[in-house]
Protein chains: 2
Amino acid sequence: MSAKTTDTKQEILSIGRDLLKKVGYNAFSYSDISKQLNIKNAAVHYHYPTKEDLLADIVNNYIEDYKKLELGLANSNLKTVDKISVFADRYAHLIDMESICIIGSVASDFYTLPEAVKDKVVSLTNLVLGMVAKVLEKGRADGEIFFKEEAHTKALLIMTNLAAGVQLARITGKKDFESIRTALIDQLKK
Amino acid sequence: MSAKTTDTKQEILSIGRDLLKKVGYNAFSYSDISKQLNIKNAAVHYHYPTKEDLLADIVNNYIEDYKKLELGLANSNLKTVDKISVFADRYAHLIDMESICIIGSVASDFYTLPEAVKDKVVSLTNLVLGMVAKVLEKGRADGEIFFKEEAHTKALLIMTNLAAGVQLARITGKKDFESIRTALIDQLKK
DNA sequence: ATACTTACTTACTAATAAGTAAATAATATT
DNA sequence: AATATTATTTACTTATTAGTAAGTAAGTAT
């Protein structure tokens with residue numbers, strides 16, 4: 001098992017992930033990737049025969065990432081508000097990367113996605129929403145935060161604020177996102 | 001001035017608008033439009049020389065629509081909560097049309113949009129956010145609704161909930177949107 | 001009736017897309 | 001050293017895209 005194989009494939013994955021979040025599934029091509037890596041188009045096809053394969057791997061990769069984050073948060077001794085801030089920080093970082101969250105990206109392109117990938121997107125979305133709901137529920141049980149909705153609903157409210165907040169920041173600027181972030185955290189503190 | 005001109009151009013605009021909200025700017029072509037109208041590709045170019053021209057007209061069209069809505073709401077005697085519900089209903093309707101809101105659609109594709117259109121998108125977004133903020137501010141002044149954030153921030157919170165809620169509904173289903181909508185309205189009633 | 005305008009169609013072009021087959025270079029395995 | 005295996009290039013194909021140029025049919029204006 002050579003080192004180079006993994007390197008190039010990983011780099012393709014990484015660039016694909018960035019492009020997906022920056023311009024969306026329909027606006028990037030294998031040529032965009034190959035040019036960045038100074039390799040030929042066909043080399044990208046060697047690692048990911050079809051664009052669908054690449055997309056599937058990107059989504060799988062995010063599922064793994066979020067599972068790790070879930071474990072990390074569970075084993076941390078962060079206060080609930082700070083756990084939610086971890087999510088808010090991730091979304092704030094997307095703005096600086098000229099990106100939006102993958103879920104938002106694939107949701108916008110949903111009706112043009114290969115069927116097999118849609119299922120993975122559903123899994124990823126449920127994973128993320130479930131995580132946030134769990135953090136919220138535990139935080140409320142521990143008396144650290146306050147909200148009157150069901151935990152799942154509150155997770156929906158927070159994540160939609162963040163996801164669309166990042167999208168909106170492209171149009172009206174980052175300060176609108178910061179207003180959202182601040183209001184969000186304040187609400188939890190009651 | 002013939003009737004047919006207006007008809008075809010209007011239909012192109014309407015189909016373009018639907019496609020933009022369904023699959024996004026980069027995923028539809030003039031061929032998609034011409035096939036639906038049983039005309040040739042070049043006929044679409046006759047009415048809208050470039051895709052940028054079409055996109056610009058779509059955005060302008062939404063600006064007009066929202067200006068009319070603003071007037072309609074100002075002259076109505078709807079309660080504030082019902083005015084906000086008008087927005088929520090519009091977004092709920094998008095789900096049934098397999099669409100997302102234009103602002104979300106163009107935000108996702110923002111870095112692939114022609115420069116000239118970006119400015120129009122900014123205007124549209126400010127128009128919508130301004131409208132909602134105004135409704136909220138007046139509602140609070142009249143003692144009809146309650147919120148502690150600034151009106152602009154509350155408008156951001158509500159509109160991001162709705163916009164991303166519609167996107168999320170593609171993945172997890174419409175009931176998540178309905179949870180958001182209900183929670184949103186409940187919050188205003190305090 | 002003639003000229004002009006409008007709304008198209010036919011028939012292209014140039015560029016880019018995704019994807020493939022075959023040859024070749026580089027790296028491991030035995 | 002010989003042999004696989006892996007990674008990549010070269011050279012395509014097929015399809016689609018946005019866009020254009022030239023022609024035409026029908027209506028409008030003078």
Side-chain angles (χ1 to χ4, degrees), chain A residues 1-20 22-59 105-106 108-109 111-118, chain B residues 1-20 22-59 105-106 108-109 111-118:
Chain A
M1 188 175 285
S2 77
K4 220 176 171 215
T5 308
T6 309
D7 276 8
T8 304
K9 190 167 185 177
Q10 278 293 117
E11 282 175 310
I12 292 169
L13 181 66
S14 172
I15 292 169
R17 215 168 35 184
D18 290 348
L19 286 168
L20 181 65
K22 185 168 181 184
V23 300
Y25 186 63
N26 297 302
F28 79 86
S29 70
Y30 271 28
S31 162
D32 293 325
I33 295 172
S34 62
K35 276 174 194 157
Q36 277 193 52
L37 290 175
N38 275 309
I39 56 176
K40 301 294 159 180
N41 220 295
V44 182
H45 279 283
Y46 169 76
H47 293 286
Y48 292 105
T50 70
K51 205 178 169 185
E52 170 172 354
D53 294 324
L54 174 58
L55 179 63
D57 211 24
I58 292 172
V59 177
S105 173
V106 296
S108 298
D109 293 337
Y111 291 112
T112 69
L113 296 186
E115 285 303 319
V117 179
K118 289 184 186 174
Chain B
M1 191 174 284
S2 77
K4 216 174 176 218
T5 308
T6 310
D7 277 9
T8 303
K9 189 167 186 178
Q10 278 293 117
E11 282 176 310
I12 292 170
L13 181 65
S14 172
I15 293 169
R17 214 167 36 183
D18 290 349
L19 286 169
L20 181 65
K22 185 169 182 184
V23 301
Y25 185 63
N26 297 301
F28 78 85
S29 69
Y30 271 27
S31 164
D32 293 324
I33 295 172
S34 62
K35 276 174 194 155
Q36 278 193 51
L37 290 175
N38 276 308
I39 57 177
K40 300 296 160 180
N41 220 296
V44 182
H45 280 284
Y46 169 75
H47 292 287
Y48 291 105
T50 70
K51 207 179 169 187
E52 171 173 352
D53 293 325
L54 174 57
L55 179 62
D57 210 23
I58 292 172
V59 177
S105 174
V106 295
S108 299
D109 294 336
Y111 291 112
T112 68
L113 296 186
E115 286 303 318
V117 178
K118 289 183 184 175

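The shown structure was predicted, so the numbers you read here are calculated from the model rather than taken from an experiment. Below, read A as the first sequence line, B as the second, and so on, with proteins coming before strands; counting in each chain starts at 1.
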To the nearest angstrom, how far is [X] atom [atom1] from [N] atom [atom2]?
X: Asp7(A); N: dT6(D); atom1: CG; atom2: P; result: 16 Å
X: Ile33(A); N: dT16(C); atom1: CD1; atom2: C1'; result: 15 Å
X: Lys51(B); N: dT16(D); atom1: NZ; atom2: P; result: 15 Å
X: Leu19(B); N: dA18(D); atom1: CG; atom2: P; result: 11 Å
X: Leu54(A); N: dA18(C); atom1: CG; atom2: P; result: 10 Å
X: Lys35(A); N: dA18(C); atom1: NZ; atom2: C1'; result: 14 Å
X: Tyr48(A); N: dT8(D); atom1: OH; atom2: P; result: 13 Å

* To do: Could you please name the option among dT17(D), dT20(D), dA17(C) that lies closest to any side-chain atom of Ser31(B)?
  =>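 Minimum distance to the Ser31(B) side chain belongs to dT17(D).
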
* Asked: Where the side chain of Ser105(B) meets the backbone of Leu20(B), is there a donor-acceptor pair that is under 3.5 Å apart?
  -> yes

* To do: State whether the side chain of Asp53(B) and the backbone N or O of Thr50(B) hold a donor-acceptor pair below 3.5 Å, judged by distance alone.
  => yes

Pairs: protein N or O with nucleotides 3-5 of chain D N or O, under 3.5 Å:
none

* Structure fact -> Residues Leu55(B) and Pro114(B): closest non-hydrogen pair is CD2-CD, 4.1 Å

Are OP1 or OP2 of [N] and a side-chain N or O of [X] less than 4.0 angstrom apart?
X: Ser29(B); N: dT16(D); value: no
X: His45(A); N: dT8(D); value: no
X: Thr8(A); N: dT8(D); value: yes

* For Lys118(A), does the NZ atom have more than 12 heavy-atom neighbours from other residues, nucleotides or ligands under 6.0 Å away? -> yes

* Looking at Tyr46(A), is Lys9(A) sitting on its ring face, NZ or CZ under 6.0 Å from the six-membered ring centre and within 45 degrees of the normal? ->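 No, Lys9(A) and Tyr46(A) do not form such a contact.
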
* Under the 6.0 Å and 45° cation-pi test, does Lys51(A) pair with Tyr25(A)? ->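 Cation-pi check for Lys51(A) and Tyr25(A): passes.
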
Between protein and nucleotides 9-12 of chain D, what N or O pairs are separated by less than 3.5 Å?
| from | atom 1 | to | atom 2 | distance (Å) |
| --- | --- | --- | --- | --- |
| dT9(D) | OP2 | Lys40(A) | N | 2.8 |

* Asked: Out of curiosity, Asn26(A) CG to Ser108(A) OG, how far, rounded to the nearest 0.5 Å?
  -> 10.5 Å

* Asked: Considering the options Val44(A), Ile39(A), Asp18(A), which one meets the side-chain contact (heavy atoms from CB on, under 4.5 Å) requirement together with Ile33(A)?
  ->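 The passing option is Val44(A).
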
